[in-house]
Amino acid sequence: MVNLSSAYRRPFAVLMAGTLVGGLISVATAGPATAADITGDFNTTAPGSTPSGWSVTGAAGDATVEDVPGTVDRSLRLRDTSASTPVTASTTFGATASTVVAGFRLRAAQTSATIGVHLDSSGGHSVTVAMGTDGRLYTYNATERVDLGAYTAGRWYDIRVVAHPSSGTADVYIDGARKAKRLAFRTTTRTLGGIQAGVSTAGTGTAWLDDVRTTTESTPQGWPLLGSVAPRTAHQIGTSKLIVGAETLDRDYTDHQAFAPYLGRLGATSTRLQGGWAKTEKTKGVYDWTWLDRIVDDAHRQGVKPWLQLSYGNNAYTGGGGSGLGGHIPSSAEALTAWDAWVTAMVKRYKNRVSEWEIWNEPNLAGIPVADYTDFFIRTATRVRAEQPNAVIYGQEAGIDVPYARDFLVGLSEKGKAGLLGGISYHPYNANPDDAWTYGQVEKLRALLAQYAPGAVVRQGENGAPSTPGSFGALGELDWTELSQSKWFLRRVLNDLGRDIDTSVFGISDMHYPWGKTNTKGLLQTNTDKSIRYAKPSYYAVQTVASIFDSTVKPLPGYRWSATPSTSLNVQAFAHHNTGRQIVGVWSQATKPSESNARTATDLTFTAGDFRDPVYVDVRTGTVHDIPATNWSVQGSTYTFKDIPVYDSPVLIADRSTVKF
């Protein structure tokens, strides 16, 4: 084994100065970065050049930006041609004692050289993730080598390190899965200041580095770090109200094989899929289920329950309806007969693997008259129930169109078919995830369901925010970043869960449309070929929500609280079903999530609290801190918490028993 500490040791104090503005290092372009920039993909650096802000050592080799063979991408290539001198590339971000979250992609051209990426301090390498000559990924717990699994030459690995100088510990994630936690730093130094990549002294070889993203996160001063929320797979969680969207596979806008490894480890226990009549029946009367079998079976294998939408139309038939978003329902006698046959065959095939169905997508947005949709819903739902009597069937609409929903429900009721309806799925796209109008409309929907279809529920079936400005689709006209996206998702999901609404995160992966547009609402960033580039911050944020808010937790409507200063806050409260111990989410409201993570020290009072050992959780980062005894008190059931750091992303005051870390 090569001693990486001696092979790469280079204190950050002597490296070329970098820039840290808003917690983001500039590694691909000259000049300072801002919190709105996601830099480090190296695509703006000319091939053969050293990226701005980086310094290189190793005369017998080089570290330059190059085109990645077989792609339209550029990455930082480190090439070591000497067995006596290492090649390294380094950048700095200024000494900090705050938590550092570092993301990067790493690829080895071979398994015969040792390649490492390090978070550095003045004492050397504090945290290391490496690829060894034995074909294994590894890290260190102090001086002890810790195995992270096998790696393959020529494959990119999505790596994330969350390092806490305050405790001298770090967590390591590979491809969205936490592989090691609370690793002790390799140094005694309690500040971090740079990142370094290199090929070690003892061997020759080539490594590729890309998408370097390093942010700093403030932590409550003097509050002991307890760890990070433990991600749990869908199998481990079992059941919850959290859904992840895997739409557009029926039109090949995403790649199931690419995102599948990330699906179950996200922790959502359901996934929304579109059935794809046109993809299944390309030749009249001939069904090819191969593509959908693979997706449904893989979801089941990972503990994720499929929710199948019966849509869209099929152009193989005259009057077959539109085969994509905005398309109309089948209209000709031949097409309707073919639709009936496909629905029957679909339910018969999947009834032992799928129990929830949805009929069409956004009929009101497509301009389908409500009377036509009502008849079509009855026609389709009747065939579903004929094959699967206990099926749960959702009607659907874009936005929250209460008049459309009312007329639909009235029509079902008048025809004596309200019993076919299990619920209404709505798609609310608002830049402000706390929008009061949205939830006012939800309550109107609930009242209509209680009147016309008792027992049916509302479900948030599709909703998301982009991670880049200029994204295709809803909300794409606004200026989004990966930071604002992650805040948006958290606020939307906790708002829904706090109102006992099943809620979908749209979607698992960025979507690529055949006319050259990309919808960046995914939790996973993709390459142009739809392969996964890396898990965005929102992926890890949703992992935290999934881990905490499972079926053992219930919302507490009407929870009583007060705050000083009395700024505009959103509070959503929950309790464990068995113990009654509470989880209270708090965040400052804004029209749209900001690019600032500045916290306001806030005093909070809960008049019907239930905490034995309260902890503080920043949901976006997953970090868990003990709340010192000097910062909280209790009289009867009234709990007062002092100087709680609050900002426009949810933080939790939770009983320690409700958080796994």
Side-chain angles (χ1 to χ4, degrees), residues 22-24 96-103 119 126-127 159-173 176-185 190-192 213-232 267 482-483 486-487 489-491 493-494 535-549 583-588 593 596-602 611 613-628 631-632 641 643-661:
L24 187 65
T96 180
S98 297
T99 294
V100 173
V101 181
L119 290 182
S126 292
V127 186
I159 300 172
R160 179 181 188 242
V161 177
V162 183
H164 307 284
S166 64
S167 61
T169 60
D171 298 347
V172 175
Y173 300 74
R178 189 170 74 173
K179 294 293 188 178
K181 65 177 182 178
R182 295 191 66 79
L183 298 165
F185 278 11
R190 292 299 182 90
T191 59
L192 294 172
R213 294 148 287 127
T214 302
T215 62
T216 58
E217 300 287 348
S218 62
T219 55
Q221 198 74 305
W223 291 19
L225 176 73
L226 299 177
S228 299
V229 175
R232 295 195 291 155
E482 292 186 355
L483 174 61
S486 62
K487 292 179 178 181
F489 269 127
L490 293 178
R491 285 162 54 177
V493 168
L494 287 187
K536 301 177 190 177
S538 54
Y539 180 89
Y540 299 104
V542 172
Q543 265 191 337
T544 296
V545 172
S547 179
I548 296 174
F549 294 94
I583 307 166
V584 181
V586 183
W587 62 94
S588 58
S596 170
N597 289 330
R599 273 76 164 176
T600 299
T602 304
F611 306 89
D613 184 5
V615 298
Y616 173 90
V617 183
D618 187 328
V619 186
R620 186 176 59 81
T621 65
T623 54
V624 184
H625 290 265
D626 189 32
I627 301 177
N631 287 83
W632 69 281
F641 295 90
D643 296 328
I644 302 299
V646 174
Y647 68 127
D648 66 340
S649 186
V651 300
L652 307 178
I653 296 176
D655 191 79
R656 184 168 178 165
S657 64
T658 66
V659 181
K660 298 171 178 63
F661 52 90

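Every heavy atom of this structure was used, including side-chain atoms; hydrogens, water molecules and symmetry mates were not.
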Discussion item. A546: which residues meet the side chain to side chain contact (heavy atoms under 4.5 Å, CB included) condition with it, sequence neighbours left out?
Written reply: I237, L242

Item to complete: Nearest 0.5 Å please: distance from the CD1 atom of I627 over to the CD1 atom of I653.
Response: 5.0 Å

Worksheet entry | Q543 side chain to G622 backbone, donor-acceptor under 3.5 Å | no

Worksheet item: Which of parallel (below 30°), tilted (30 to 60°) and perpendicular (above 60°) describes W632 and F641?
Response: parallel

Worksheet item: Quick one: are V619 and F549 in side-chain contact, heavy atoms under 4.5 Å?
Response: no

Worksheet item: Can any side-chain N or O of T600 pair as donor or acceptor with the backbone N or O of T602 at less than 3.5 Å?
Response: no

Fill in: side chain to side chain donor-acceptor pair (under 3.5 Å) partners of T621, counting only residues at least two apart
T623

Response to the item:
Of all heavy-atom pairs linking P614 and D626, the shortest is O-OD1, 3.8 Å

Worksheet entry | Shortest non-hydrogen contact between T96 and P165, atoms and distance | O-CG, 4.0 Å

Response to the item:
Residue set satisfying salt bridge (charged side-chain N to carboxylate O under 4.0 Å, His left out) with R491, at least two apart, ordered chain then number -> D434

Expected list for residues 218-229: side-chain donor-acceptor pairs under 3.5 angstrom, two or more places apart:
| from | atom 1 | to | atom 2 | distance (Å) |
| --- | --- | --- | --- | --- |
| S218 | OG | R599 | NH1 | 3.2 |
| S228 | OG | D171 | OD2 | 3.1 |

Fill in: Within-4.5 Å side-chain heavy-atom neighbours: L183 and V172
yes

Worksheet item: Any side-chain heavy-atom pair from Y539 and Y173 closer than 4.5 angstrom?
Response: no

Practice prompt. Measure the shortest side-chain to side-chain distance between I159 and K179 over non-hydrogen atoms and say whether it is less than 4.5 angstrom.
Written response: no

Discussion item. Can you list everything that forms a side chain to side chain donor-acceptor pair (under 3.5 Å) with R620? Sequence neighbours excluded, please.
Written reply: E217, Y647

Practice prompt. For residues P645 and Y616, determine if any side-chain heavy atom of one lies less than 4.5 Å from a side-chain heavy atom of the other.
Written response: yes

Discussion item. Using only atom types and a distance under 3.5 Å, with no angle test, would you say the side chain of R232 pairs donor to acceptor with the backbone of S547?
Written reply: yes

Discussion item. Any heavy-atom pair between the side chains of V615 and T658 that's under 4.5 Å?
Written reply: no

Discussion item. For S657, give me all partners under side chain to side chain donor-acceptor pair (under 3.5 Å), at least two apart in sequence or on another chain.
Written reply: D655

Item to complete: Could you pull out the closest heavy-atom pair between A163 and L119, with the gap in Å?
Response: CB-CD1, 3.8 Å

Discussion item. Quick one, L494 and W587 - any side-chain contact, counting heavy atoms below 4.5 Å?
Written reply: yes

Worksheet item: Rounded to the nearest 0.5 Å, how far apart are NE2 of H164 and NE2 of H625?
Response: 7.0 Å

